[in-house]
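Just so we're on the same page: letters track the sequence lines, and every chain starts at 1.
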Protein chains: 2
Amino acid sequence: MPGIQAVAQLAGVSTATVSRALSGKSNVSEKSKDAVLSAAKELGYVVSSNASSLATGRTRNIGVVVPFLTKWFYTSVLEGAESALLSHGYDLTLYNLAGGGDERRSVFEHFLLRKRVDAVIAISLELTPKELTGLLALDKPVVGVGGPLRGVHTLSIDDVAVAQLATEHLLSLGHTSIAHIGGTKDFERDFHLPTNRRIGYESALEAMGIPVNPGLFRAANFSLEGGYDAAKQLLGSPRDRPTAIFAASDEMAIGAILAARDMGLSVPDDISIVGIDDHELSAFFGLTTVAQFPELQGRMAAELLLDQLHPETRKPGSINTALPFDLVVRSSTARPRSGR
Amino acid sequence: MPGIQAVAQLAGVSTATVSRALSGKSNVSEKSKDAVLSAAKELGYVVSSNASSLATGRTRNIGVVVPFLTKWFYTSVLEGAESALLSHGYDLTLYNLAGGGDERRSVFEHFLLRKRVDAVIAISLELTPKELTGLLALDKPVVGVGGPLRGVHTLSIDDVAVAQLATEHLLSLGHTSIAHIGGTKDFERDFHLPTNRRIGYESALEAMGIPVNPGLFRAANFSLEGGYDAAKQLLGSPRDRPTAIFAASDEMAIGAILAARDMGLSVPDDISIVGIDDHELSAFFGLTTVAQFPELQGRMAAELLLDQLHPETRKPGSINTALPFDLVVRSSTARPRSGR
DNA sequence: GTGAAAGCGCTAACAT
DNA sequence: ATGTTAGCGCTTTCAC
């Protein structure tokens with residue numbers, strides 16, 4: 001592991017010139033630049049990021065905190081962020097909070113504070129005031145994805161509007177008896193996602209003058225299995241069976257599709273089903289859904305952060321950026337059977 | 001951000017004593033230790049990992065390289081590794097190679113070399129000799145998961161034995177016409193996984209004196225959809241339809257279950273199906289499978305690495321550790337219909 | 001048990 | 001355009 005000194009010696013210049021030549025910032029003559037570059041290559045020199053960080057105060061490393069790792073959505077955001085950061089020469093240090101309360105505390109009270117990272121991306125995490133204070137005290141940029149965070153630049157999707165769009169799609173097909181599979185209370189903590197989606201659903205119905213029927217609501221845990229069980233309940237009684245189901249996530253919607261099949265119901269002839277996400281499995285199941293582009297979200301978060309780290313290039317930005325979403329119509333939705 | 005100096009001043013000791021008290025290694029009197037600890041807490045002091053790394057040469061940071069991020073298997077390994085590392089005070093810096101060849105090169109030629117990490121875990125990656133040389137030249141521990149790597153301590157599963165076990169389960173139920181959905185050539189590069197599993201399948205058949213029928217083999221891409229398509233082919237002609245399918249992954253096996261259902265076949269009455277993985281969805285689908293415990297694999301890799309980083313505690317270990325696997329019988333397999 | 005001081009490898013003034 | 005030099009914040013001999 002040769003140091004900068006070795007390169008300087010071989011190139012016949014000072015260490016300062018080596019540093020300048022390699023970083024490309026300052027003015028260096030073509031001649032010395034070439035000498036440095038070829039000396040560096042010859043020796044296989046790579047800067048010590050620690051020494052560099054210590055000297056500059058910048059680490060070129062971003063901390064990313066996720067609530068789960070084994071869920072498609074989070075890993076997709078992560079993938080987007082990782083590749084954007086990598087292409088800018090940044091490393092990504094990962095903190096997964098899935099383990100439980102203790103892990104969470106140590107991440108926020110210890111790991112993130114030891115100056116290993118230049119900035120933090122928090123994915124779908126509603127930070128406590130204490131956590132937030134700790135982070136902001138670092139005086140480093142923080143970007144949140146998934147919901148508003150006080151004093152932090154965030155990227156978030158309008159969950160109410162997303163749910164409205166999904167519901168309106170069903171309404172526009174002519175459905176009037178539309179059930180909703182939402183999230184349980186456990187998922188409220190992250191930006192009230194279940195409530196917001198339910199509000200969107202209800203407001204779309206009300207806008208069409210359709211009364212909300214509480215009997216057509218079921219809560220589940222955002223899993224395939226949860227969606228399956230909920231749908232079985234919803235579809236159980238042939239008497240007042242809905243003609244459509246709006247599930248708050250694709251995984252639950254896919255569960256609902258499987259439940260319908262198991263009950264001998266045809267999708268979409270007997271029952272239309274729509275979800276939210278555009279999950280990797282959704283195309284396979286022909287699921288109509290409102291896509292939210294998690295990989296793009298990760299990329300946007302990373303780029304927003306890099307912007308803030310390089311104020312020269314900084315474009316003015318609002319404190320909360322709206323994330324795009326889009327209705328993707330596949331084969332799980334259709335007009336309700338006319339015979340009803 | 002108070003420094004060690006501030007703590008020393010408040011505690012009325014030297015910076016050296018603070019360092020000693022905080023690291024707990026050296027002898028420090030109870031009195032100064034208490035003084036240091038409370039001063040540190042009062043100021044909210046957290047060491048600068050960069051300064052510490054520079055001084056010690058150790059970063060307490062592990063680089064983890066994965067080929068994909070959005071696959072259940074890899075994220076599970078990652079989760080296991082992350083939580084094990086975190087609990088030992090280590091950070092995890094993530095490098096995802098899914099982006100393409102260029103990313104891969106820059107990770108190996110630049111990112112991993114800049115002394116940011118103490119060691120590297122390579123998950124399901126067959127490193128090129130060049131990559132391996134570069135890593136080993138760092139003189140840092142490297143642990144591979146998923147297959148043998150020359151000169152590297154690896155954790156790997158005996159894919160041949162796993163496939164044999166799955167096939168033998170079907171044989172023991174009385175099946176003699178067993179199809180196999182394997183992987184396409186694209187997946188060969190990572191330790192010849194498709195080939196090994198196919199070998200296990202064939203050797204199990206041969207051990208029972210059952211000739212291998214090439215017509216009962218289909219290759220797919222390890223996805224649900226791929227398994228679905230392959231199964232449709234396999235189950236298409238009622239004349240020589242197999243009574244069982246062994247798929248090289250649970251996702252493909254689940255695809256096969258869905259294909260069977262779509263064709264009006266009952267699982268397991270008409271067709272038994274077994275996979276490999278114990279994927280998060282497998283229980284829901286009642287899939288019989290050979291579990292390989294990815295989270296445990298990640299945890300083991302992390303612990304192996306930490307062992308190597310702390311030679312005092314080091315237990316002697318072989319260069320290749322076998323990973324556990326276990327048959328999980330659910331409802332997708334049964335005796336073949338007696339009537340045949 | 002504790003302090004003084006010499007680095008760890010690099011960057012950024014400052015001088016030339 | 002380039003060299004000299006003073007740190008960055010910690011750890012670790014080496015004395016005492």
Q) Out of dT11(D), dT2(C), dT11(C), which nucleotide sits closest to the side chain of Ser32(B)? A) dT2(C)
Q. Checking Asp118(A) side chain against Arg60(A) main chain: does a donor-acceptor pair fall under 3.5 Å?
A. yes
Q) Roughly how many Å is it from CG in Leu22(B) to C1' in dG9(D), rounded to a whole number? A) 13 Å
Q: Scan side-chain atoms only and decide if Ser32(B) and Thr17(B) contain a donor-acceptor pair under the 3.5 Å cut-off.
A: no
Q) Mind checking whether Phe68(A) and Tyr74(A) have parallel, tilted or perpendicular rings, split at 30° and 60°? A) tilted
Q. dC10(D) P sits how many Å from Leu43(B) CG, rounded?
A. 12 Å
(Q) Looking at Thr59(B) and Asn61(B), would you say the former's side chain and the latter's main chain have a donor-acceptor pair under 3.5 Å? (A) yes
Q. Think Ser14(A) has a side-chain N or O under 4.0 angstrom from the OP1 or OP2 of dG3(D)?
A. yes
Q | Nucleotide nearest Ala55(A) (side chain, heavy atoms from C-beta), chosen from dT11(C), dC10(D), dT12(D) | A | dT11(C)
Q: Mind calculating the distance between CD (Gln5(A)) and C1' (dT4(D)) to the nearest angstrom?
A: 12 Å
Q) Any side-chain N or O of Ser19(B) under 4.0 Å from OP1/OP2 of dT11(D)? A) yes
Q | Lys25(B) NZ - dC10(D) C1' separation (whole Å) | A | 16 Å
Q. Among dT2(C), dC10(C), dG9(C), which is the nearest nucleotide to the side chain of Leu54(A)?
A. dG9(C)
Q. Is Arg58(B) near enough to dT12(D) that one of its side-chain N or O atoms lies under 4.0 angstrom from OP1 or OP2?
A. yes
**Q.** Donor-acceptor contact below 3.5 Å, side chain Ser76(B) vs main chain Glu295(B)
**A.** no
Q: Give the rounded distance in Å between these two atoms: CZ of Arg60(B) and P of dC10(D).
A: 16 Å
Q. Does Thr17(B) have a side-chain nitrogen or oxygen under 4.0 Å from the phosphate oxygens OP1 or OP2 of dT2(C)?
A. no
**Q.** Closest-nucleotide 5' rank along DNA chain C - winner of Arg20(B) and Thr56(A)
**A.** Arg20(B)
Q) Nearest-Å distance, NZ (Lys115(A)) to C1' (dC8(D))? A) 9 Å
Q: Using whole Å, report how far CG of Asn27(A) lies from P of dT2(D).
A: 9 Å
Q | Residue-phosphate contact under 4.0 Å: Ser48(B) side-chain N/O, dC8(D) OP1/OP2 | A | no
Q: Under 4.0 Å between any heavy atoms, over every strand shown, what does Val13(B) touch: base, sugar-phosphate, or nothing? Just pick one.
A: sugar-phosphate
Q: Could you check how far CD1 of Ile4(A) sits from C1' of dG3(D), rounded to whole Å?
A: 13 Å
